Amino acid sequence: MSRLPERFAELAGEERPGLVTFVTAGDPDMEHSKAILRLLPEAGADIIELGMPFSDPMADGPAIQAASQRALMNGMTLTKTLQMISDFRQEDTETPVVLMGYYNPIYIYGLEKFIADAAAAGVDGLIVVDLPVEETELRDALMGSDIDFVYLTAPTTGDDRLPRLAERASGFIYHVSVTGITGTKSAEIQDVAAAIERLRRFTDLPIAVGFGIKTPEQAAVIGQHADAAVVGSALVTQVAENLDSEGQGTDKCVTAVLDLVRELASGVRSVSKVVGNRAPE
Amino acid sequence: MNKLNTYRGGPDEHGHFGIFGGRYVAETLMPLILDVERAYDEMKDDPEFREEFRSYLKHYVGRPTALFYAERLTKSLAGAKIYFKREDLNHTGAHKVNNCMGQILLAKRMGKNRIIAETGAGMHGVATATVCALFDLPCTVYMGAKDIERQAPNVARMKLLGAEIVPVTSGSSSLKDAMNDALRDWVANVGDTYYLIGTVAGPHPYPTMVRDFQSVIGEETRTQMLEMEGRLPDSLLACIGGGSNAMGTFHPFLDDEGVRIIAVEASGKGISTGHHAASLSAGRPGVLHGNRTYLLQDGDGQIKEAHSVSAGLDYPGIGPEHAWLHDTGRAEYVSITDSEAVEAFQLTTRLEGIIPALEPAHAVAHAMKIAGALPADHLMVINMSGRGDKDMGSVAKYLEEQK
């Protein structure tokens with residue numbers, strides 16, 4: 001089993017929503033990215049989502065596109081991403097790490113080898129943006145492994161698609177709260193609440209909500225309804241804004257990301273969830 | 001590989017041609033992709049649509065296009081008898097408009113009131129802007145900043161037609177990045193927007209739908225050849241970037257065993273230089289832009305930039321049905337360099353008084369290599385997919401650089 005169910009059980013025990021932080025592996029470079037990753041849990045990240053850089057991130061907005069580009073420019077590869085997680089696991093064996101990205105680098109790495117190497121590195125889950133429930137090969141290959149496959153749902157996902165999606169999902173459901181790319185629009189809270197209510201009719205899995213969450217206040221509001229709030233673009237923007245004049249990484253990139261994570265963590269910790277808000281497992 | 005009973009049966013219900021094709025898109029888009037598929041399935045066999053499409057192709061696009069015996073080229077190469085299928089005579093100057101006409105009718109049926117498109121050389125952008133003007137729909141075209149620079153005449157045409165041009169500066173600032181940004185726009189505007197893809201790539205049903213709309217090229221060629229020569233051609237040649245003109249030319253002939261089918265990729269400065277666009281000759285299967293196909297990529301699965309003197313072939317992938325035809329061996333895939341294409345461009349202009357686009361000049365260049373060794377009764381059809389007015393600047397610049 002992955003570390004995800006236990007982490008969500010702990011959050012339920014603390015009667016608060018979780019904070020899922022997204023950063024891109026190797027952004028702005030390996031050294032600073034490793035420092036960020038290592039310090040995320042103590043800054044308050046409950047679940048770490050680590051982006052696998054890709055040359056053509058079709059569902060991402062400018063902030064995460066730029067993060068991918070920075071990482072690739074500095075030589076990041078999928079092999080190095082897995083190595084980063086391996087190193088992280090030397091110190092932290094509890095914080096779930098979910099890899100997020102696009103299918104091609106995984107396909108080229110080789111499915112069997114990727115699953116074996118990711119499991120050995122300590123990966124808990126995968127989010128592959130361009131693998132809808134119809135394209136089953138990676139999902140099928142994961143069956144019997146300890147790695148969860150987290151499906152995305154969107155405002156456009158109709159009730160007709162949800163049963164199959166819920167059946168095939170594990171770990172948690174990631175609800176994309178807006179129709180759009182990452183880091184642009186923010187959702188209206190009543191829409192998010194309605195979406196979660198709809199999803200609950202189809203699944204008992206925890207529901208994380210992301211896209212457009214930038215501030216501790218937004219994270220808290222989302223967290224009143226969702227089991228976790230995902231923040232990504234706002235964090236990688238901290239990296240971008242603290243590069244030196246040549247566009248290279250600085251220690252300030254690390255501290256700026258962690259400072260925002262601390263604020264976001266206090267945001268989700270300000271929410272007290274009514275017990276029984278969610279059906280017990 | 002075993003021969004199949006038919007090469008025209010694909011794709012399967014999930015849009016797969018063998019291992020290629022499929023629907024690798026974000027969940028936000030998936031319901032919309034399924035809507036497009038449903039709407040297309042309903043529309044394609046509707047007599048009313050077929051008549052409407054036929055009528056616009058005839059009266060607006062100017063079809064059927066001529067099948068022209070290129071006598072001086074034939075004599076100069078002293079071998080196969082060469083015909084040009086004159087897609088350059090279409091309204092807007094290329095084959096692209098066939099597909100745009102079909103898809104705009106679909107968009108209207110689906111009640112979409114905003115059209116987006118990607119373009120490389122600008123021919124698809126112009127064709128899209130044209131049908132949008134005709135049907136009074138707002139049109140946004142994504143175009144790589146680099147391509148905007150080298151295809152200025154087409155940019156001016158699109159603007160005149162009322163399209164909004166969005167320069168794309170992400171990634172390599174060329175066609176693949178324009179497609180990324182068009183997909184991002186679509187994800188953000190799923191409710192009212194229709195994405196009019198210009199080639200036989202993208203998620204299912206696009207590769208199939210675009211092929212179907214372009215198949216008019218091959219169907220006419222077949223009829224015309226039977227009228228003019230009393231038999232089918234012995235070979236078909238077409239250039240491929242994404243591969244829509246080639247697919248449209250080839251598809252009606254796939255089950256005619258005697259017809260040799262040759263697609264010509266752009267090998268740019270030469271495959272060994274790494275500066276090329278030959279996805280089949282030098283790529284490997286991967287997943288990009290909604291489908292699995294041959295892609296130019298590095299060992300980590302990062303997509304590489306393509307290069308060709310012809311902006312229309314400058315794409316690191318290829319339609320999934322081509323990938324499948326390649327692997328089954330039904331079609332041959334060869335490549336032609338920038339310099340060979342420019343030479344063919346000049347030769348065609350001088351011998352036939354036809355200024356070809358740089359894209360089909362690649363197909364002519366391959367004919368120049370093989371026609372001489374073929375007998376005089378070998379009937380060869382080259383799809384002249386577009387005219388070369390747009391390329392005057394690129395050719396002049398290229399020739400200047402070679403001095």
Side-chain angles (χ1 to χ4, degrees), chain A residues 52-62 65-66 68-69 71-72 75-81 101-110 114 127-138 151-158 160-161 165 173-176 178-182 184-185 211, chain B residues 13-16 19 21-35 37 168-172 176-193 202-204 284-293 295-305 316-317:
Chain A
M52 299 176 277
F54 183 47
S55 53
D56 294 77
M58 276 100 64
D60 283 301
Q65 288 174 43
S68 246
Q69 290 277 352
L72 291 173
M76 202 59 191
T77 63
L78 187 49
T79 304
K80 290 181 187 171
T81 300
Y102 296 80
Y103 187 39
N104 197 54
I106 297 173
Y107 179 66
I108 294 303
Y109 194 98
F114 174 75
I127 304 173
V128 186
V129 179
D130 52 355
L131 284 182
V133 71
E134 283 79 359
E135 298 293 351
T136 58
E137 58 202 48
L138 179 58
Y151 275 107
L152 299 162
T153 59
T156 51
T157 307
D160 55 329
R161 298 177 60 72
L165 221 146
I173 299 268
Y174 183 147
H175 182 66
V176 173
V178 293
T179 51
I181 50 180
T182 50
T184 50
K185 301 186 258 188
F211 281 45
Chain B
E13 60 176 317
H14 302 295
H16 293 121
I19 67 161
R23 288 174 293 213
Y24 297 87
V25 297
E27 174 60 23
T28 312
L29 280 184
M30 195 62 202
L32 191 63
I33 298 281
L34 293 170
D35 279 352
E37 185 186 348
V168 175
T169 53
S170 60
S172 58
K176 83 172 169 77
D177 309 286
M179 200 152 178
N180 290 337
D181 270 9
L183 284 163
R184 290 178 185 124
D185 179 316
W186 206 21
V187 169
N189 298 289
V190 277
D192 66 343
T193 297
H204 179 65
R284 58 191 281 210
V287 173
L288 180 72
H289 293 153
N291 65 116
R292 180 172 7 227
T293 188
L295 299 171
L296 300 179
Q297 54 185 318
D298 69 14
D300 189 44
Q302 307 298 336
I303 308 305
K304 284 201 221 167
E305 212 172 317

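Just so we're on the same page: letters track the sequence lines, and every chain starts at 1. The model shown is predicted, which means the values in this text are computed figures rather than measured ones.
- Scanning all heavy atoms of the two residues, the minimum distance from B:Arg23 to A:Glu135 falls at N-OE2, 2.6 Å.
- Residue contact with chain B, scored on non-hydrogen atoms closer than 4.5 Å, is absent for A:Met52.
- Contact of A:Leu72 with chain B is made through the side chain alone, with heavy-atom distances under 4.5 Å.
- A salt bridge links B:Glu27 with A:Arg161: the closest approach of a Lys/Arg side-chain nitrogen to an acidic carboxylate oxygen falls below 4.0 angstrom.
- With rounding to the nearest 0.5 angstrom, the OG1 atom of A:Thr156 is 7.5 Å from the CG atom of B:Leu29.
- Remark: A:Thr182 OG1 to B:Arg184 CZ distance equals 8.5 Å, nearest 0.5 Å.
- Contact annotation for B:Pro203: neither backbone nor side-chain heavy atoms come within less than 4.5 Å of a heavy atom of chain A.
- B:Arg284 has its side chain within reach of A:Ile108: a pair of non-hydrogen atoms, C-beta onward, lies under 4.5 Å apart.
- Partner A:Asp56 forms a side chain to side chain donor-acceptor pair (under 3.5 Å) with one of B:Gln302, B:Lys176, B:His289 and no other, that one being B:Lys176.
- At distances below 3.5 Å, at least one donor-acceptor pair connects side-chain atoms of A:Asn104 with backbone N or O atoms of B:Val287.
- When the candidates B:Leu288, B:Asp185, B:Ile303 are compared by the number of heavy-atom contacts under 4.5 Å with chain A, B:Ile303 comes out ahead.
- At a 4.5 Å heavy-atom cutoff, the contact between A:Tyr107 and chain B is made by side-chain atoms alone.
- For B:Leu295, the part lying under 4.5 angstrom from a heavy atom of chain A is the side chain only.
- Neither the backbone nor the side chain of A:Pro155 comes within contact range of chain B; no heavy atom of the residue lies under 4.5 Å from a heavy atom of that chain.
- Of all heavy-atom pairs between B:Gly301 and A:Phe54, the closest is O-CE1, 3.3 Å.
- Chain B forms more heavy-atom pairs under 4.5 Å with one residue of A:Ile181, A:Val176, A:Thr184 than with any other, namely A:Ile181.
- Taken from CZ in B:Arg292 to CD in A:Glu137, the straight-line distance is 4.0 Å, to the nearest 0.5 Å.
- For the set A:Met58, A:Lys185, A:Gln69, the count of heavy-atom pairs under 4.5 angstrom toward chain B peaks at A:Met58.
- Heavy atoms closer than 4.5 Å to chain B are found in the backbone of A:Thr153, but not in its side chain.
- For a residue to count as touching a neighbouring chain, one of its non-hydrogen atoms must lie under 4.5 Å from one of that chain's; by this rule A:Asp60 touches chain B with the backbone only.
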